[in-house]
Amino acid sequence: MNIKKTMQNFLILLLIATSNIVAAQTGKVYSVKANELKADIQPTMYGVFFEDINMGADGGIYAELIKNRSFEFTMPLMGWSIKRKQFVEGEVQVLNRKDVNTNNPRYIQVTITNAVKGSLSLTNEGFKGMGIKKGLRYDFSVLYRLKSPGVKLHLELVNSKGEVIGEGALTPETTGTDWKKLSTSFTSTATELKAKFVIWFEGNGIIDLDMISLFPSDTWMNRPGGFRADMVQMLADMKPGFIRFPGGCIVEGRDLNNRYQWKKTIGPIEERQLIINRWNTEFAHRPSPDYFQTFGLGFFEYFQLAEDIGASPLPILNCGMACQFNTAEFVEIDELGPYVQDALDLIEFANGDVSTKWGKVRADMGHPKPFNLKMMGVGNENWGPQYVERLKIFTKAIKDKYPDFKLVYSSGTDPNGDRFDDLNRELRKMNADIIDEHYYRRPEWFTSNVTRYDNYPRNASKIFAGEYAAQSVKTASPDNKNNLLTALSEAAFMTGLERNADVVSMASYAPLFANVDGWQWTPDLIWVDNLKIYGTPNYYVQKLYSLYKGTNVVPFLSDNQNVTGQDGDFGTASIDKKTNEVIVKFVNTSGKLQEVSFVIEGVKKLDTKGTLTELTGEKPDQVNSIDEPVTVSPKDRQVDVKSKTIKISIKPFSFNVLRVKML
Ligand code: AHR
């Protein structure tokens with residue numbers, strides 16, 4: 001009887017156990033081998049790519065509100081309009097003093113005669129208007145020269161209905177031939193997306209005006225003449241490992257004359273010579289005739305920004321070649337010297353002791369401490385034997401002087417094809433430290449190239465995925481959207497970057513910023529108008545990867561295989577030695593809910609709770625927008641950890657980051 005009872009109990013237990021096994025095995029089982037530490041994940045792994053495209057700098061992060069403040073645009077009064085009661089010939093003249101001031105030759109001279117309100121005024125339209133905030137202080141400044149006294153300047157911010165929403169006044173008093181600076185501040189009484197700025201004149205006199213400037217006071221770190229704080233904050237929130245700067249094709253210029261030259265972007269703001277932004281004319285379907293680079297965000301501010309947000313600087317310099325899609329103008333080899341010298345001098349500017357020439361320039365600008373620059377790119381999307389020839393000269397000069405300095409070489413515009421293969425071979429022959437690969441491709445390319453780096457040579461040149469973004473329509477199409485689908489395809493691809501962290505040392509999405517009213521290129525990571533900002537689904541993918549990268553890759557397996565798209569699933573795992581966490585990144589690109597179990601092996605004990613961060617939406621073409629900025633944004637929830645296993649329902653079309661503490 002007892003034996004029978006015991007047998008019965010045993011059978012019941014067996015049944016329960018079997019049904020548990022069946023339950024555990026419903027859905028997919030993924031194992032994380034948390035004690036098998038693979039590659040170190042570099043602190044620089046996920047960074048940002050900054051280029052002045054889509055009003056990224058002027059009209060964007062650089063908070064100046066006055067467009068064409070120094071009258072140096074091709075059309076000197078572009079952005080300005082003159083209103084007068086009665087036309088007087090020569091009342092507002094554009095004068096040029098290029099022999100004494102080559103960098104900032106133009107200014108305006110205004111002759112004021114018995115002026116009262118309504119007689120004569122100048123209006124600046126801003127960059128697609130000016131974003132003005134109620135109750136905020138605005139700081140105005142101007143350089144002036146007064147021929148005869150008796151002039152008063154009235155300053156007004158005006159909303160789209162023509163109402164004054166902020167005002168101040170200035171009475172310049174010192175006459176003479178030297179330029180003087182005058183400043184004042186005033187507070188806005190209303191919020192306005194597209195305000196204008198008016199200067200109207202009262203009295204009598206002749207006054208020269210230049211560098212007419214207006215900044216909000218709420219800049220990043222409250223720096224006068226600084227950056228839009230909300231834009232910097234979005235970057236800081238990502239904790240990026242590096243900032244690539246200044247681009248992008250901007251580095252190359254349409255021609256050599258139009259290339260980016262860092263030495264022209266430092267020192268007093270009124271001495272920085274502006275140039276036409278190459279995106280001004282690049283796309284006939286997106287004309288931007290008023291797009292210039294004033295370099296308010298120059299190389300000093302760039303290094304400072306990187307330091308502020310804890311990112312390593314990664315400057316990219318011109319290698320003596322203009323954009324090969326445009327003029328393909330190359331500097332003669334015999335004349336490459338100044339280009340190479342610029343690279344050497346930039347290292348000295350960033351790192352040199354204050355007793356060095358360029359270290360002193362940095363110190364005089366307010367930063368005696370070095371910026372700790374460790375790497376630099378030579379050339380952006382350049383290719384061909386002409387590139388290799390120039391690169392060798394740069395490399396020798398830089399490595400002779402700074403043997404530990406790391407150099408990033410371009411592998412051209414595309415991640416495959418003859419041009420890529422030839423260059424890749426040459427760069428590897430040169431023992432390239434880091435090779436910069438770019439991919440602007442359809443989402444399918446990203447999901448089907450997730451194993452791209454699995455077979456790259458180990459212990460050789462490292463890879464910098466320096467510019468990439470999934471294009472929902474086609475490369476650089478104006479119809480491309482930053483939707484959930486593109487974000488998930490990038491998240492899927494990035495599992496392959498992370499799994500191959502021994503080969504891939506850095507990665508950055510591109511481009512970074514776009515203004516909803518003034519862009520040339522889409523998709524872009526972060527969009528703004530004059531007052532607001534939103535991150536795209538793609539932004540949140542980048543942010544989650546960066547925040548939760550971990551310190552070491554560990555195997556993440558299904559049936560002993562890497563998870564690289566089986567049934568639309570992609571995954572990678574890491575551990576973070578600093579926070580003692582196991583981190584799983586899992587992408588479900590299918591439209592099906594998935595029941596999965598993550599089994600964490602090789603750990604003594606785990607916390608009983610973990611955190612799952614989910615990024616998903618209702619449909620793959622879902623987007624965020626200025627009015628609905630966080631439709632697709634990460635949400636956290638707690639999950640149970642039982643017997644070192646986390647069972648989760650993974651939502652359709654989702655990117656998931658799981659974190660569990662190891663105890
Ligand atoms: O990111 C936009 C452009 O795409 C970059 O300037 C260039 O490097 C690439 O072709």
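Numbering of ligands and ligand atoms starts at 1, following listing order.
Nearest to atom 6 (O) of ligand 1 among the protein's heavy atoms is Glu51 OE1, 2.6 Å. For atom 8 (O) of ligand 1, the closest non-hydrogen atom on the protein side is Glu467 OE2, 2.8 Å. Of the protein's non-hydrogen atoms, the one nearest atom 10 (O) of ligand 1 is Glu381 OE1, 2.7 Å.
Using 4.0 Å as the threshold, Gly247 has no heavy atom nearer than that to any atom of ligand 1. Contact analysis leaves Thr413 out of contact with ligand 1, as no non-hydrogen atom separation drops below 4.0 angstrom.
No salt bridge links Asp479 with Lys474; every basic N to acidic carboxylate O contact stays at or beyond 4.0 Å.
Considering only residues two or more places apart in sequence or on other chains, Phe653 meets the side-chain contact (heavy atoms from CB on, under 4.5 Å) condition with Leu484, Leu488, Pro620. Take Asp517 and apply the salt bridge (charged side-chain N to carboxylate O under 4.0 Å, His left out) test, not counting sequence neighbours, and it matches Lys194.
Around atom 4 (O) of ligand 1, the closest heavy atom drawn from Tyr509, Tyr468, Tyr440 belongs to Tyr440.
On a distance-only criterion, Cys249 and ligand 1 share at least one N/O pair closer than 3.5 Å. Considering both main-chain and side-chain atoms, His438 never comes within under 3.5 Å of ligand 1 through any nitrogen or oxygen pair.
Close placement of the Phe493 and Tyr439 rings is indicated, their centers lying within 6.0 Å of each other. Outside the 6.0 Å centre-distance limit, the rings of Tyr62 and Phe127 are not counted as a close aromatic pair. Aromatic ring centroids of Phe299 and Phe245 lie under 6.0 Å apart.
In summary, the atoms of ligand 1 found under 4.0 Å from a heavy atom of Asn380, numbered by their order in the structure, are 8 (O). Distances below 4.0 Å separate heavy atoms of Pro511 from the following atoms of ligand 1: 1 (O), 2 (C).
Counted within 6.0 Å of NZ on Lys396, heavy atoms from surrounding residues, nucleotides or ligands total 12 or fewer; the atom is thus considered open.
The part of Trp279 lying near ligand 1 is the side chain, judged by heavy-atom distances below 4.0 Å. The proximity of Ile250 to ligand 1, defined as any non-hydrogen pair under 4.0 Å, does not occur for either the backbone or the side chain.
In this structure, the side chains of Arg259 and Tyr339 come closer than 4.5 Å at one or more pairs of heavy atoms.
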